[in-house]
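These notes concern the structure reproduced below.
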There are 2 protein chains.
Amino acid sequence: MATTGTDLSRMREMNMLSIVWALRGNPPSTVTELAGRAGLSRPAVDVLVQSLVTDGWAEVEEPGANSVVGRPARRFRFRADAGHVLGIDIGVHKILVMLSDLEGNLVHTLRRPVDPEAAPEARFAAVDRAIDKVLRSAGMAPADIWAVTVGVTGPVDASGRTTISTPLPGWLTADPVAHLAARFACPIQVENDCKLAAVAERWKGVASDADDIVFLLAGLRTGAGLILDGALRRGHGGAAGEIGALKAVRWLSAPAHLETCPGVPATAAPGEAAAWVFQAARDGDRQARTAVRRYTRDLAVGVAALVLALDPQVVVYGGGFSRSADVVLEPLRQELTKHCLRLPELRASTLGDESVALGAVRLALDEVDSRLLSDGLAAPTAPRRDTSRNDAN
Amino acid sequence: MATTGTDLSRMREMNMLSIVWALRGNPPSTVTELAGRAGLSRPAVDVLVQSLVTDGWAEVEEPGANSVVGRPARRFRFRADAGHVLGIDIGVHKILVMLSDLEGNLVHTLRRPVDPEAAPEARFAAVDRAIDKVLRSAGMAPADIWAVTVGVTGPVDASGRTTISTPLPGWLTADPVAHLAARFACPIQVENDCKLAAVAERWKGVASDADDIVFLLAGLRTGAGLILDGALRRGHGGAAGEIGALKAVRWLSAPAHLETCPGVPATAAPGEAAAWVFQAARDGDRQARTAVRRYTRDLAVGVAALVLALDPQVVVYGGGFSRSADVVLEPLRQELTKHCLRLPELRASTLGDESVALGAVRLALDEVDSRLLSDGLAAPTAPRRDTSRNDAN
DNA sequence: ATGAATTAGTAAACTGCTCAGCATTATCCA
DNA sequence: TGGATAATGCTGAGCAGTTTACTAATTCAT
């Protein structure tokens, strides 16, 4: 709690930022509205917003048709297109690149399938092509990007490496930060996919009202991401949420209950097998229902461990299996009731497989915001990454 | 991230607080030193500290023996005795009351044994007597107390009740806040004992350097308290850390391995039995070592679940058994190595059974600080509790 | 069409804070 | 006793935001 002294210039900077916050994410606003939102007087807001306009952070919209009485007000709009960020999901089967403006509006999205067996070099090459395509479609250069966040499977350490375990072949030696640094001078961040999905769920998903969230990435692999007190919980070594590694938690083998369910067509791929079982369970097939129940039972142990450890407000069921949440949530609730002291709300994700890239976008935007908070807002330009981070070879 | 606008008066308040922060916990300081610490100019600090003195928050120490050349500087000292807080541990076997000044110096400590079977009324009566005695010895009245925090066993909800489970007989219907409110008009807080002990370890204990801590309260009961990103993690319903409730985690039965160890003198009380086993294990007794290993194995599952879920920097082994940490920590480390992805540091608590009351003091001081931050610092007087909280009958 | 009502924009006066610089004061040391 | 040194006290300049009052632009009712 080291409060540090303030002077006038810092105060002006803070008030400037409070205007930006009040401007962003709202429809074009009048000075009076902004004054109310930011808790400042009208004249003060006037000069602040004036200088935001000259700096290029905001723009005026001259009054047009106006149905209220009185002199029509100019409306100011945050220039969301002053900068952009990239959110990238490097998955096992697909690569998803999202280009977003500073307000979080998605300007461009590109999905590309990728060979699950592809080596890191091939995967990076596919990522590069996807990025190129997105930038080209948007008419932008890498220098126009203010921050990049990448999501990968497996726990990620502070340098962006995945050193413990990952289903991506050869990824233990891959260094995404170094690879992207060759093209982007802006801050680059790598984060675990479950954590990013959790962030997305709180941003634009089903848990936007909650501050304490356990997010479950359920699919052929199972993982978890935690948001506590509104902030992403990374863990001291970046490995928070890896409860699946506990032997008593059978997350590794849980999906097998679905794949080995009697009656699954022999031709089905692993992911399709699970979908078939869920559908069959929905239709009342006894064996399928049993398989789902067994899957749920294994799943529940790990969820219960997280719930007991953290006592969250909401558990979000997301990932590839979340489309079948209707047949999973109720049995899961029953299992959790057995284990937990206090049952949190259970919700199904609606973001589907875009959640990871979306969370990456949000984290990149957060990075931009934190720069603004610490460095203040000069004219809008792409920030440069700390060179001190490059020594992480 | 709702930054709100600031004006001059707020700025002065913040600078005033930054002076208080710079003053507190330091030896009497000169204006120049304070200016450096607070990042303000010397004249500014001068008038601020002046008004702190007239308000009663600080006092001057006229220069005495001074070995440096030049005009001797006045030194200012935070008036830590301007207010006091109480930290109270209502345990199964004992009641511990600590009276602390605003700097966290313990002015008075009183420990009283209590019948483990005592009903809430009797326990409250004992608490009242202890408080009376402490206040009398310090020559204070209840009105001189600025905040009270109480530690009890079992998960505590927002109203201070323990509704789920507790080893204190009859406690499910007890309302410590209501009881204390009859005598104290200041803010009253009730918190779980493990959580308070965790706070104490980070404050004055063995984990003062860490921001992510799993604290283990090991004794005849086993519990955990979590500190994440430097803040106490309560959980949405106040039940964070209750991993012991999971069936796969055998925390309830774990201490039984010690009590049923062959060779324990039949006359020993439960607590003494464990101590005897630890001592025997230390002396090389095979059966005792086996019992300790079994105890540790059960303990480790729950710890591993917390470590995997949160990836903390440090695990602190505290509680009644922490005196025997020397025979527990090494086997515990070995067990954790089997379960965990990344092994955190393992440390033994040194605060003994004072940790709960000490954590209560820290939380009471935090309450005082947060009032200062939100309400600003008028003349130092005891704050009054929000009456809006009394409706929780 | 005209004036009242209403709201937005703008200018001036005022408050309160920080800061830079200089004069003053208290102490040590030769 | 007279420098040297370092802290204190004071004054004026500058700055940001608030308040107040006034002017400008628009709608609505008469």
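These numbers come from the heavy atoms of this one structure, side chains and all, not from hydrogens, waters or symmetry mates. Proteins get letters first, then strands, A, B, ... in listed order; numbering begins at 1 in each.
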Sub-3.5 Å donor-acceptor pair from the side chain of [X] to the main-chain atoms of [Y], do we have one?
X        : Y        : value
B/Ser374 : B/Ser370 : yes
A/Asp212 : A/Asp229 : yes
B/Glu33  : B/Thr30  : yes

[X] has an atom [atom1]; how far is it from atom [atom2] of [N], in whole Å?
X       : N      : atom1 : atom2 : answer
A/Leu48 : D/dT18 : CG    : C1'   : 13 Å
A/Glu13 : C/dT18 : CD    : P     : 18 Å
B/Leu34 : D/dA7  : CG    : P     : 13 Å
A/Met11 : C/dC17 : CE    : C1'   : 9 Å
A/Arg12 : D/dG14 : CZ    : P     : 17 Å
B/Asp46 : C/dC17 : CG    : C1'   : 14 Å
B/Arg75 : D/dA6  : CZ    : C1'   : 13 Å

Among [options], find the nucleotide with the atom closest to the side chain of [X].
X       : options                : answer
A/Leu8  : D/dC15, C/dG9, D/dC10  : D/dC15
B/Thr32 : C/dG9, D/dT8, C/dT18   : D/dT8
B/Pro72 : C/dT18, D/dG17, C/dT27 : C/dT27
A/Ala44 : D/dT18, C/dG9, C/dA8   : D/dT18

OP1, OP2 of [N] versus side-chain N and O of [X]: anything below 4.0 Å?
X       : N      : answer
B/Asn15 : C/dT18 : yes
A/Ser41 : D/dG17 : no
B/Arg74 : D/dG9  : yes

Item to check | Terminal helix-axis angle for the helix from C/dA1-D/dT30 to C/dA30-D/dT1, with five pairs defining each axis and rounding to 10 degrees | outcome: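 If I round to tens, the end axes sit 10° apart.
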Next on the checklist: Over all strands shown, is B/Ser9 touching base, sugar-phosphate only, or nothing at heavy-atom distances under 4.0 angstrom?
Outcome noted: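 No contact.
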Checklist entry - Counting any heavy atom closer than 4.0 Å, what does B/Val47 reach on the DNA or RNA strands: base, sugar-phosphate only, or nothing? => result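 The answer is nothing, as B/Val47 stays clear of every strand by at least 4.0 Å.
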Item to check | A/Trp57: which of A/Ile19, A/Leu23, A/Leu372 passes side-chain contact (heavy atoms from CB on, under 4.5 Å) | outcome: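 Going through A/Ile19, A/Leu23, A/Leu372 one by one, the side-chain contact (heavy atoms from CB on, under 4.5 Å) with A/Trp57 is satisfied by A/Leu372 alone.
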Item to check | For B/Gly56 against B/Ala82, the heavy-atom pair lying closest together | outcome: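 So the minimum-distance heavy-atom pair works out to O-CB, 4.3 Å.
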Item to check | Which atom of B/Arg37 lies closest to which atom of B/Ala22, heavy atoms considered | outcome: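 Answer, listing the atom of B/Arg37 first, then B/Ala22: NH1-O, 2.7 Å.
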Checklist entry - Does B/Glu191 reach the side chain of B/Arg234, with side-chain heavy atoms less than 4.5 Å apart? => result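 They are in side-chain contact.
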Next on the checklist: At less than 3.5 Å, do the side-chain atoms of A/Arg42 and the base atoms of C/dG9 form a donor-acceptor pair?
Outcome noted: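 Looking at the base of C/dG9, it does pair with a donor or acceptor on the side chain of A/Arg42 (distance under 3.5 Å).
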